[in-house]
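Since the structure is predicted, the reported quantities are computational estimates derived from the model, not experimental observations. All residue numbers refer to positions in the sequence shown, counting from 1.
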Amino acid sequence: MRQKRYIALSPLLKRIKFYFDLFSKTNDNYICAIDLQNPMILLSPNMVTDFALPGTVLDSMEKYWVPLIHPEDRGIYETAIREMLIERKRNDYDIEYRVRDSRGEYCWIRCRGRLATNHEGKPTLFAGAMARMGRRNQADSVTGLLNKYQFEHGVSLALSEYRATGKGGALILLGLDNFKIINETYNRFFGDAVLKTMAREIDNILPSMFILYKLDGDEFGIIYPEASESDVEELFASIQKCLMRPHTMDGKMYFCTISAGTVFYPAFGKDYLVLHKHAEAALDMAKRNGKNRNCIFTKEHYNRWVRSISMRDNLRISVEAGCEGFSLFYQPQMQAKGTQIMGAEALLRWKNPKGRMVAPMEFIPILEETKLIIPVGRWILEEAVKTCMKWQKILPDFTMSVNVSYEQIKDSSFKEFIQECLPKYGIRPDTLILELTESSIVSDWGFVNKQFDFYRSIGIKIAMDDFGTGYSSLVYLKNLSCDIVKVDRAFVSNILESKFDLHLVEYTANLCHSVGMEVCCEGVEKNEEYQMLLDVCNVDMVQGYLFGHPEIEENFEKKFLESYNEQK
Ligand code: C2E
Ligand code: CA
Ligand code: CA
């Protein structure tokens with residue numbers, strides 16, 4: 001307990017004290033009067049008790065009141081005071097902010113105040129009334145569920161419970177998958193209606209002792225006291241099952257899956273902000289690992305997540321500096337018969353600002369996610385085409401394969417960029433191959449095919465990358481118009497041991513040949529593999545360490561092109 005302090009009242013406050021007391025006794029609001037000339041503050045007694053203030057007379061609001069205001073809301077308070085007292089823009093204010101009460105919990109208050117001025121227009125007295133805002137502001141306006149502030153409150157109660165009893169639990173964040181697509185495909189009203197339905201359905205299946213909170217955007221929160229990992233998994237599975245069936249609204253059918261991020265307290269945090277951050281990280285990971293799953297937060301996860309956040313910033317720095325730190329390596333692609341060099345695949349490399357090489361599998365997904373792949377993709381294309389021009393002076397039919405992401409295909413200006421780039425370096429379109437990773441295609445065959453048709457109509461070749469790795473490769477093959485299918489290394493490296501893999505490659509090659517497509521096998525490391533691919537599978541092209549590793553431009557020239565140069 002802080003000691004009560006007694007301060008003699010200023011003459012102005014003394015004069016109004018009678019009315020002040022009368023008013024505070026007949027009213028539930030918190031009231032305060034401030035003598036501005038002779039800085040001193042008079043507070044109603046309920047304010048002293050409810051906010052553990054040192055007494056009804058104070059000499060400063062800065063010292064006692066401001067520290068109780070929620071850090072996020074201090075700006076609102078300070079702006080209102082500044083505009084009224086210093087900038088003299090107004091004589092009153094009406095603001096809402098959160099204040100920590102004597103129980104240590106934040107409550108929302110609405111604060112209305114007015115200035116009185118003297119005959120010279122100078123502020124003399126400020127009088128304010130503050131009201132606690134009951135359930136208003138506690139509910140989410142779309143779903144009617146308790147909102148994120150109540151979630152925060154609920155978490156702090158759960159943590160107090162832990163401190164009192166030693167019993168921990170879990171925080172679960174739920175996020176609807178692809179909600180953005182629903183919003184974009186239809187409209188916000190439809191999106192809101194979907195949120196409402198989902199909220200109702202999840203709420204219905206939650207055991208009655210749980211509260212479902214609606215957080216920002218498409219996220220929900222649940223606090224699960226005394227939970228074990230299997231409790232959480234079980235709860236999540238039941239939510240998943242309930243949402244998974246197709247839903248219809250206004251005659252429109254939609255599917256919605258959900259991802260979750262779970263963090264256990266106190267093991268991974270003893271305060272709301274830390275726990276929330278960790279649960280967000282887990283949810284983010286669940287979404288990145290393919291969505292429709294729950295990810296439980298571990299320390300290792302956290303470190304990885306932090307790395308990817310800093311990588312995002314570093315990639316942006318590199319891109320803004322004109323793609324500094326990026327470079328291309330080239331791996332030879334050979335004609336299967338006779339192993340003559342046919343061309344090269346350009347493979348992106350990146351050195352972070354500290355000079356460390358980062359694996360493409362780590363940074364390319366981030367480039368795609370942040371859409372930085374669009375500027376980087378242009379840089380890659382131009383670099384690769386430039387190099388191709390050089391090498392076509394040695395081998396006129398030299399082909400250059402460039403990897404492109406779905407994001408780049410979606411960007412319609414990429415087409416124009418390619419059309420400008422090829423003549424600029426004098427490259428024939430039929431010596432450029434665009435490799436598209438199938439797993440990166442989400443939906444919309446129609447659109448992708450239209451883009452492919454355009455590229456093919458001007459002579460550019462299209463290759464389907466990583467054939468066999470996705471769960472629907474044959475569907476892709478059936479639906480996409482392409483010129484070359486690249487069979488993934490996973491099959492090639494198994495053909496010596498697995499008859500299934502061997503036949504898969506063989507049949508894929510037959511199927512492709514029957515419709516005029518060519519087949520390139522990636523990741524050929526052993527001579528026996530190569531022989532098998534040539535003799536049994538009859539593939540057209542091969543690529544892999546057996547023929548050459550990815551190399552920088554200079555080394556590629558030395559290793560694979562110098563002999564031709566000498567012949568000329
Ligand atoms: P990818 O397109 O399937 O590229 C082939 C990957 O296999 C390359 O890895 C290459 O170095 C590796 N590789 C080639 N031959 C062998 C072999 O015989 N054995 C083994 N073990 N590996 C082999 P890398 O360079 O790490 O690239 C990984 C992936 O990153 C690429 O897979 C591609 O999906 C993506 N990528 C690389 N460069 C670009 C780019 O410029 N743009 C885009 N969008 N994606 C790129
Ligand atoms: Ca590729
Ligand atoms: Ca591949």
Using a strict threshold of under 4.0 Å (side-chain N to carboxylate O), is an ion pair present between Asp284 and Arg288? yes
What heavy-atom pair brings Thr262 and Ala170 nearest, and what distance separates the two atoms? CG2-CB, 4.0 Å
Could you tell me which non-hydrogen atom of Gly343 sits nearest to which non-hydrogen atom of Phe556, and how far apart they are? O-CZ, 4.3 Å
Do Glu345 and Gln331 meet the criterion of a side-chain donor-acceptor pair at a distance under 3.5 Å? no
If the plane angle is over 60° it's perpendicular, under 30° parallel, otherwise tilted; pick one for Phe297 and His278. parallel
Give a yes or no on whether the ring-centroid distance for Tyr254 and Phe190 is below 6.0 angstrom. yes
Got a salt bridge between Glu551 and Lys558, using NZ or NE/NH1/NH2 to carboxylate O under 4.0 Å? no
Can you check whether Phe547 and Phe560 have ring centres sitting under 6.0 Å from each other? no
If you apply the rule side chain to side chain contact (heavy atoms under 4.5 Å, CB included), what do you find for Lys214 with Phe151, and how did you get there? CA-CA 8 Å; Lys214 168 70 176 46; Phe151 183 58; over 6 Å; no
For Gln392 and Phe398, indicate whether the former's side chain and the latter's backbone hold a donor-acceptor pair under 3.5 Å. yes
Do Gln451 and Tyr406 pair up side chain to side chain, a donor and an acceptor below 3.5 Å, judged on atom types alone? no
Any luck finding a side-chain donor-acceptor pair between Tyr425 and Glu382 under 3.5 Å? yes
Given Asn352, Leu367, Ile373, Ile364, the one that forms side-chain contact (heavy atoms from CB on, under 4.5 Å) with Leu315: Leu367
Determine, for Arg428 against Asp397, whether the closest basic-nitrogen to carboxylate-oxygen distance falls under 4.0 angstrom. yes
Nearest non-hydrogen partners of Val487 and Val519, listed with the distance: CG2-CG1, 3.8 Å
Taking Lys390 first and then Glu557, would you say they form a salt bridge - that is, a charged N and a carboxylate O separated by under 4.0 Å? yes
